[in-house]
Amino acid sequence: MSEASERGPGELVVDPGAPETRRSARSFGAAASVYHQARPGYPADAVEWLVGDAKRVLDLGAGTGKLTEALVGLDREVIAVDPVEEMLEELEIAVPGVPRILGTAEDIPIEDASVDAVVAGQAWHWFIPERAIPEIARVLRPGGVLGLVWNSRDTSADWLREAGEIMHERHDASATFESYVQVGRPFGAVEEHTVAWAKRMTRAGFLDLVRSRSYFITASESEQASTLVALETLLLTHPDVAGAEELEVPYLTRCFRTRLG
């Protein structure tokens, strides 16, 4: 579920192992195609910083392969693991030939000490840390890297802040990642790197991005309809975007890495 929800920590569910959380995570299977088409990828320089010189990389919670694509573009050997079969089917279309394995962060179906890096894009908040961290350490080679990355819309842009309110985003997604990027032993200190960039998309593309979010997918039909109407009105009337054929959506890619001690 690599891009799992483009959520910020304000949307973190208290218990990632709770049944309702798992149901929400797996809700992406029903929207896997629109998910892949709508979600942004990751800047190459951010991903290169994340994995360093690692050659064999496990993309954990790989989803439809947004992070996988970036890793393959950097000539890394990649294994993709995700618990949702529909997401991995989309990954096969997007990045053919990458080994795809059904599995979770808490039960990774690969051998001990078999990869140089484990990365998770938009997925850490779905993991149960007390079970996932030992599993990740198990599959990493000594000195291997755990890399965590999030794309978040830069809500310093006023129209995006208003859009976030309509989409029930409770916080600036870029503000407080450090509050839960707590890995601990057997890993070392966590390093951080941020890349600012922008993605151009049509109005329809932006609305598809909204349709790919877990909040929207799990909402009632009436809630979905009212959300789309409110966003369409915003895009037509806000002075920063009114009349624009394309939108320039600013992003922050927040990267965190730590090495196995």
Side-chain angles (χ1 to χ4, degrees), residues 1-9 11 28 32-82 84 87-88 90-98 100 105 115-127 136 145-155 160 172-175 177-178 181 190-201 205-206 208-209 212-214 247-258:
M1 236 163 357
S2 173
E3 316 82 69
S5 63
E6 202 176 346
R7 292 150 75 106
E11 297 174 76
F28 292 106
S33 181
V34 69
Y35 185 101
H36 184 79
Q37 293 172 18
R39 289 305 175 94
Y42 296 91
D45 52 346
V47 178
E48 189 166 23
W49 181 90
L50 197 69
V51 299
D53 59 0
K55 297 299 182 185
R56 192 164 194 248
V57 182
L58 168 62
D59 187 356
L60 186 57
T64 65
K66 289 291 187 177
L67 184 53
T68 308
E69 285 182 286
L71 290 162
V72 170
L74 292 172
D75 200 28
R76 301 309 202 267
E77 178 186 351
V78 188
I79 303 167
V81 171
D82 196 88
V84 182
M87 300 294 265
L88 290 177
E90 287 292 323
L91 186 147
E92 170 62 18
I93 295 169
V95 202
V98 171
R100 297 167 295 127
V115 294
D116 303 310
V118 173
V119 296
Q122 314 289 126
W124 181 253
H125 54 280
W126 295 118
F127 301 168
I136 292 167
V145 171
L146 168 60
L148 310 175
V149 59
W150 285 267
N151 279 329
S152 63
R153 291 178 299 281
D154 183 356
T155 53
L160 267 183
D172 175 353
S174 68
F177 282 119
E178 294 86 349
V181 181
V190 176
E191 302 174 86
E192 179 183 357
H193 179 62
T194 300
V195 175
W197 59 288
K199 178 177 174 62
R200 296 193 68 83
M201 62 182 73
F206 182 78
D208 279 343
L209 179 63
S212 75
R213 300 183 71 253
S214 61
L247 305 172
E248 185 166 287
V249 182
Y251 277 90
L252 297 174
T253 297
R254 303 285 301 279
C255 307
F256 300 85
R257 70 184 181 193
T258 178

Main-chain N/O of V145 paired with R257 side-chain donor or acceptor, under 3.5 Å: no
How close do L74 and E48 get, counting heavy atoms only, and between which atoms? CD1-N, 3.7 Å
Polar side-chain atom of E90 near backbone of G65 as donor-acceptor pair, under 3.5 Å: no
Distance check, rounded to the nearest 0.5 Å: L67 atom CG versus D59 atom CG? 4.5 Å
d(K199 NZ, E248 CD) to nearest 0.5 Å is 12.0 Å
Does any part of the side chain of V47, heavy atoms only, come nearer than 4.5 Å to the side chain of L71, both counted from C-beta? yes
Side chains of V51 and V119: does their closest heavy-atom pair fall under 4.5 Å? yes
Side-chain contact test, heavy atoms from C-beta onward, threshold under 4.5 Å: evaluate it for L160 versus F206 and give yes or no. yes
In plain terms, say whether E77 and K55 are close enough for a salt bridge, that is, a side-chain N and a carboxylate O under 4.0 Å apart. no
Reference residue L146; test side chain to side chain contact (heavy atoms under 4.5 Å, CB included); the match among L58, V190, T258: T258
Give me the atom names and distance for the closest heavy-atom approach of T253 to A46. CG2-CB, 3.9 Å
Check: R153 and L209 side chains under 4.5 Å, non-hydrogen atoms: yes
Hey, is the main chain of A54 close enough, under 3.5 Å, to the side chain of R76 for a donor-acceptor pair? yes
Before you tell me yes or no, could you show the steps for W197 and N151 under side-chain contact (heavy atoms from CB on, under 4.5 Å), namely the whole-Å CA-CA distance, both residues' side-chain angles and the distance that decides it to 0.1 Å? CA-CA 10 Å; W197 59 288; N151 279 329; 3.9 Å; yes
Scanning both residues in full, the closest heavy-atom pair of L60 with A123 reads O-CB, 4.1 Å
Flag, side chain of D116 to backbone of D53, donor-acceptor distance under 3.5 Å: no
Does L50 reach the side chain of Y42, with side-chain heavy atoms less than 4.5 Å apart? no
